[in-house]
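Just below is one structure, and these are the notes that go with it.
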Amino acid sequence: MPSILVVNSGSSSLKYQLIDMSSEQTLASGLIERIGESDGRAAHRAGDSKSQRDVVVPDHAAACKIMREAFDSYGPSLEDHDHDLVAIGHRVVHGGARFFEPTLIDHLVKINIEDLSDLAPLHNPGAVQGISATEKAFPGLPMVAVFDTAFHQTMPAEAYTYAIDYDLAQKYRVRKYGFHGTSHRFVSRAAAEFLGRPVEELKQIVLHLGNGASVCAIDGGKSVDTSMGLTPLPGLVMGTRSGDIDASVLFHLARKAGMSIDDLDELLNTRSGLLGLSGVGDSRDVQERAEAGDERAILTAAVFSRRVKFYIGAYQALLGGADVISFTAGIGEHSVPVRAAVLDGLERLGIEFDAERNAAGGSGIRVISTDASPVTVLVVPTNEELEIARQTLGVISG
Ligand code: ADP
C-alpha cells in the first residue's frame, strides 16, 4: 500500500503525518517544536500509542532525525513494505505567481521557494530548511511542494490587482495571492461530492474559520476571489490578526504613537484580532466571556461575525449567487454560536439556516440549512494534510 509523508515545516517547528493512500487514513502524526531553542519537544502518535519527550532540537536536520527515530521506535516502520513510503509532500505557504500547481521539488524549485521568502519571511525559509533536511534523511525519495497560494492562481486580474501605482506594484510583486488554498480546494471538492454534483457546476463560498481565517469564492471549482492578500493578514478578523483595516491607521499610529514599521507589523499580526479586542485569542474563550456578559467579548464576537457576513454578501454578488456555503476549520466546524451569528438574517439572500441542525453537532459533513433553502449551507471538516498527500501522489503518478 503506498503511503505519503506530509511535512509542514515552519521556522521553529516541524509537523508530520504519514497517510496510507489506499484507505486515506492517517497512520501516524507528530510535532517537533522549538527547533533552535534550548527546550525542544517531540510528540508522536501512531494509532492508540502516544509518546512525548523533551529533547533539544538544534536545527531542522535534527528534527528529521528525531522524526525518523520516532517512526523506528513507535511505528509504523518506514521500511515496512505494508506502508511503502512513495513520496514526501511539503506544505509551502507562498508560491507567489510562479507556482500554480503542486510541483516536484528539484534544486531550481528550492531556489524559487527561497526567492519568495521576502513575501513570506516567517514561512518560506522554514519550508526550505525542512525540504533540505528531509532530502538528506530520505535520499532518492520524490518530494513535492504543495503551495497554500496555488489554488488562488485562477483569480482574474481584477481580483488580485491592488489599485496602487501599477509599475511599483509590478516591481515589488505586490498583489493579492491568497492563502489556505489547500483547505479551500479540499472543502469545495468534498462539498460537491457530498451533494452528488460536479464541482464544475457549483458556485461556492468556503469560510475557513480557524486561528487564521479566510473566505474563498469558488466558481466551477476555481478560486475567483479570496479575502487574504499579499500576506495572510487581511480579510476576516483572526485569532491575533486584524484582518481588513484602513491602511491610513498605520500612518496615523506611526505619526501619533511613534510606532515603527516593525511595531506596526507586530501589532497587526500578533496583538490584534480576537486577542487585541477582547484580551483572549481563542474563540471559545471569547464566547465564554460573552455569555458571562463581558461587554468587550460581546463586541469582539459581533465584529468577528459581522466581517464574515460582509464577505458572504460580497462573494454572493461576485458569483452572481452562490449554491453552497461551507463552514470549515476549528471555529467553522465547531462553534454553533458563531455559525448562528454569521447566518442570522440572510434569508433575503436565499440563506435559511436551521437552528436545530446547526446545534446538532456531529463529526462528518452535514447540512445546517433548511430543506427549502435556495443556498445549501454545510459544515465540512477540512483535511489539509490529506489534500497535500493526494496532490503529492497525483504529481508522482504523473
Ligand atoms: P489553526 O488555524 O491554528 O489550524 P484551528 O483550525 O484549529 O486553527 O482553529 C482554532 C480555533 O478554533 C480557535 O479559535 C478555537 O477556539 C476554535 N475551536 C476549536 N474547537 C472549538 C470548539 N469545540 N468550539 C468552538 N470553537 C472551537
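Position 1 is the first residue of the sequence, and the numbers go up from there. When a ligand or atom number is given, it counts from 1 through the structure's own listing order. Heavy atoms only: backbone and side chains are in, while hydrogens, waters and symmetry mates are out. As the structure is a computational prediction, the values presented were derived from the model and not from experiment.
- Partners of Q170 by side-chain hydrogen bond (donor to acceptor under 3.5 Å, both in side chains), not counting sequence neighbours, listed by chain and number: Y166.
- Looking at D262 and E266, their side chains never come closer than 4.5 Å, going by heavy atoms from C-beta outward.
- Protein residues lining ligand 1, listed by chain and number: G210, N211, G212, D282, S283, R284, A329, G330, I331, H334, S335 [non-hydrogen atoms, distance under 4.0 Å].
- Between Q17 and I388 the shortest side-chain heavy-atom distance does not fall below 4.5 Å.
- Considering only residues two or more places apart in sequence or on other chains, H94 meets the ring-ring contact (aromatic ring centres under 6.0 Å, His included) condition with Y177, F179.
- Taking a 6.0 Å sphere around CZ of R306, one finds it holds 12 or fewer heavy atoms contributed by other residues, nucleotides or ligands.
- Applying the side-chain hydrogen bond (donor to acceptor under 3.5 Å, both in side chains) rule to S49 yields no partners; only residues at least two apart in sequence or on another chain are considered.
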